[in-house]
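Here's the structure, in structure tokens; my notes come after.
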Protein chains: 2
Amino acid sequence: MEYKKELERLISDLKTNYLPSVSMDLVIFGFHDGQLKVLLLRWKETDDWCLPGGRIRHEENLETAAYRSLRERTGLSELFLQQFHTFGDVIRYKNYSREETLTKLGLPDEALKEFASRDVSVGYYALVEFAGVTPTPDFFAAECRWWDINQIPLLLFDHNDMITLALKTLRRQLSYQPIGYNLLPDKFTMPDLQQLYETILGQPLDRRNFQKRMLGYGILERLDERKTGGAHKAPYLYRFSKEKYEKALADEILFVG
Amino acid sequence: MEYKKELERLISDLKTNYLPSVSMDLVIFGFHDGQLKVLLLRWKETDDWCLPGGRIRHEENLETAAYRSLRERTGLSELFLQQFHTFGDVIRYKNYSREETLTKLGLPDEALKEFASRDVSVGYYALVEFAGVTPTPDFFAAECRWWDINQIPLLLFDHNDMITLALKTLRRQLSYQPIGYNLLPDKFTMPDLQQLYETILGQPLDRRNFQKRMLGYGILERLDERKTGGAHKAPYLYRFSKEKYEKALADEILFVG
DNA sequence: CCAAAAGTGTTGTAAGTACACCCATGC
DNA sequence: GCATGGGTGTACTTACAACACTTTTGG
């Protein structure tokens, strides 16, 4: 059986090349249609969803591993990535019991031993440009797609909590440093950016104050173009000034090691 | 040889009962004599210092393990503990090369295999009441004592960076939630509290504004006592109202899993 | 009685919030 | 021409920063 052989190969690869006891979970945020989205995986043969994850190779930095896993799921390598918490409870089953969860995973016994063992998991969240993403399932997943943040189902493990904490961290971060570089297309309008902020924060903002604040950061360039084709007055297009944006981030984040 | 036997026992215990590839490092802050202190360990047979650390038992939650390790080094169980970052670079040697570091550790070959392997390490910082601490070395340490935050020597591994990041996190935390419950004795004066804040932040604060802000949090009770014995006007004593303090923390920290 | 620390209120300033009118475009 | 959304500036409010005099105590 093709599947079984591949599974064996994977498990052996896992045992030889990856650190035991540690994994990563990824909360990948995208923005589309005025909605904040999260990328989820559906396990083969079930209706149950969970966050994409990954493991760390022996000779690989933790952060490098996170970037690699992100690339594997999204096809993107330009993105904003941030560690937000490390989850280390022995029991990480939440919505379903351990037995239910293992049944749902539907793995043969020799694989279960590997997958049911206890991991400490480092949580990362990423901000990516929705349009650039090609959601790609991994070996165990039947499907990989975006979910609206307000319609996330009950997930396997403690993954609902992870999303909640990632979002909370993201919101706080928004208050002390600019965000958007990796969530919006290259050129965008001020209303686009505002909608992004409103979506993340879950509340409306004043147009004029918002613009004042954003321009105040000094990280935006207004282009001489306007966005045409809309049904109304054509808004200006803006672009992030990459150097200034990076600088603003660096001022805040001391290091991300 | 007693040492060698004990070492063998420890290594075997480590292999059987603790998670591989994951460890913890602890930045334990105390406050004394108007100075912020950090608890460091000195390795046997060397002059080199490093942060205390710990490992996680198979059936033990990450946070429980951190509390346990803290108790082992300080004797305290009542304290403020906060995860601040997870360090996962393959190369975590910084001030000294890998070879230098291994030499300094001065361990026999069979132990080196265990200790030189690569770990992902979860960083915690703790705030403890200085007077209540009994600094206790572990098996590998010759000495365990407080160091003034401004006089930390070059440490083994990336531990200087860890202290820097822990302090940065602590300072930021100070700006959006009250701290002090586990750093001060039960009863303390407003100048005591202010000195604590000034020490952590590394800058002087205005007495009147400080008092206004602290009382504004609504987490302090002024007692009818004053602190006598000082050479000048006797200051009032205050106490944290535990329920209100806990509530203020809970409002900010969603969960600490 | 003097030096040193603690108790206490008010004023200024800066950042953030609220708010309204004119303009361009597609239908 | 009208409905819809975008461009723009000012007044208000609120949180924070600056600041000085009186009181107590030990020496």
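Proteins come first, then strands; the chains are lettered A, B, ... in the order of their sequence lines, and each starts at number 1. When reading the values below, keep in mind they use all heavy atoms of this one structure, side chains included, and skip hydrogens, waters and symmetry mates.
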How are the rings of A/Trp146 and A/Phe130 set relative to one another: parallel (under 30°), tilted (30 to 60°) or perpendicular (over 60°)?
-> tilted
Please state how far atom CZ in B/Arg208 lies from atom C1' in D/dC16, giving the value in whole angstrom units.
-> 14 Å
Along DNA chain C, 5' to 3', what are the outermost nucleotides having an atom less than 4.0 Å from a heavy atom of chain A?
-> C/dT17 to C/dG26
Going by the angle between their ring planes, with limits at 30° and 60°, are B/Phe84 and B/Tyr125 parallel, tilted or perpendicular?
-> tilted
Cut-off 3.5 Å, side chains only: do B/Asp192 and B/Thr189 have a donor facing an acceptor?
-> yes
N-O pairing of A/Glu243 and A/Lys247 below 4.0 Å | no
Starting at the 5' end of DNA chain D, which residue's closest nucleotide do you reach first, A/Lys212 or A/Arg226?
-> A/Arg226
Salt-bridge criterion met for B/Arg92 and B/Asp158 (N-O under 4.0 Å) = yes
Where each residue is assigned the nucleotide of DNA chain D containing its nearest heavy atom, which of A/Ala234 and B/Ala231 is assigned the position nearer the 5′ end?
-> A/Ala234
Which of D/dG9, D/dG5, D/dT8 is nearest the side chain of A/His232? It is D/dG5
Look at the aromatic rings of A/His159 and A/Phe157 and report parallel, tilted or perpendicular, splitting at 30° and 60°.
-> tilted
For D/dA18, take OP1 and OP2 only and decide whether either is under 4.0 Å from a side-chain N or O of B/Arg207.
-> no
